[in-house]
Amino acid sequence: MSRNFSTPALTAAALVATMVAAPAAFAADYVQAPGSTLVFASKYDGEVFTGKFASFTTTLSFDPAKLATSKLDVVIPLAGTSTGNGDRDSTLSGADFFNVAKFAQARYTATKFRSLGGNQYAADGNLSLRGVSKPVTLTFTWTPGAQPVLSGKATVKRLDFGVGGGDDWADTKTIPNEVAVSTKVVFKPAK
């Protein structure tokens, strides 16, 4: 009697591929269009540096008059994150920081939205990074139109997610705990 040990592995691989490729679990009004950016800024030994995620995918259901039914889903592949410094980029991909080999993506989801007045809003959601999920608030400006634009900012406490948590990087005098994240997402109507 032979046993096919590859079946569970293939099933797991297919499940992961489906989860990564699957659209958001809600009927989105908008999907991300070209021209969108997602960047972060931090310091190393007092020197400011910025980084950019190579790609990300955003789906959004948003109506300023119906905030209770709004939803946001952002999937961020971590491979290819660039800061313009090869050594730093390699370190970010490694086990002490993003650990891309084990955790290929981060995900931000929000279902609670608040008006901050005018065209300013806050999305209270959860960021999942390195197998940890924690609350993160995204404040943003909403510019309606044929291709609406969400321009937002958030602060992520890297040590809450174990990013740079090793002995070499946990010192917040070397790298601050708070990382500034900003995004500009251009949308088009979902089909």
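Keep in mind it's a predicted model, so treat the numbers as computed, not measured. FYI, side chains are in, hydrogens and waters are out, and symmetry mates aren't considered; it's all heavy atoms of this structure.
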Whether Ser36 side chain and Ala33 backbone form a donor-acceptor pair below 3.5 Å: yes
Taking side chain to side chain donor-acceptor pair (under 3.5 Å) as the definition, give me every residue that meets it alongside Thr83, ordered by chain and number, with sequence neighbours left out. Arg88, Asp89
Who passes side chain to side chain donor-acceptor pair (under 3.5 Å) against Thr37, sequence neighbours left out? none
Lys71 NZ to Leu60 CG distance, which is reported to the nearest 0.5 Å: 11.0 Å
In residues 184-191, what donor-acceptor pairs under 3.5 Å come from side-chain atoms, sequence neighbours left out?
none

Find out whether Thr58 and Thr183 are in side-chain contact, i.e. whether some heavy atom of one side chain is under 4.5 Å from a heavy atom of the other. no
Taking Phe97's backbone N and O only, do any of them form a donor-acceptor pair with Arg130's side chain (distance below 3.5 Å, no angle check)? yes
With a 4.5 Å cut-off on side-chain heavy atoms, are Ser42 and Pro176 touching? yes
Applying side-chain hydrogen bond (donor to acceptor under 3.5 Å, both in side chains) as the test, list every pair that has at least one member in residues 170-180; sequence neighbours left out. none
State which residues pass side chain to side chain donor-acceptor pair (under 3.5 Å) with Asp124; sequence neighbours excluded, sorted by chain then number. Arg114, Thr137
Determine, using ring centers only, whether Phe140 and Phe62 are less than 6.0 Å apart. yes
With sequence neighbours excluded, tell me which residues meet side chain to side chain donor-acceptor pair (under 3.5 Å) with Thr141. Gln120
Residue pair Thr109, Asn126: steps toward the side chain to side chain donor-acceptor pair (under 3.5 Å) verdict: CA-CA 6 Å; Thr109 56; Asn126 284 299; 5.4 Å; no
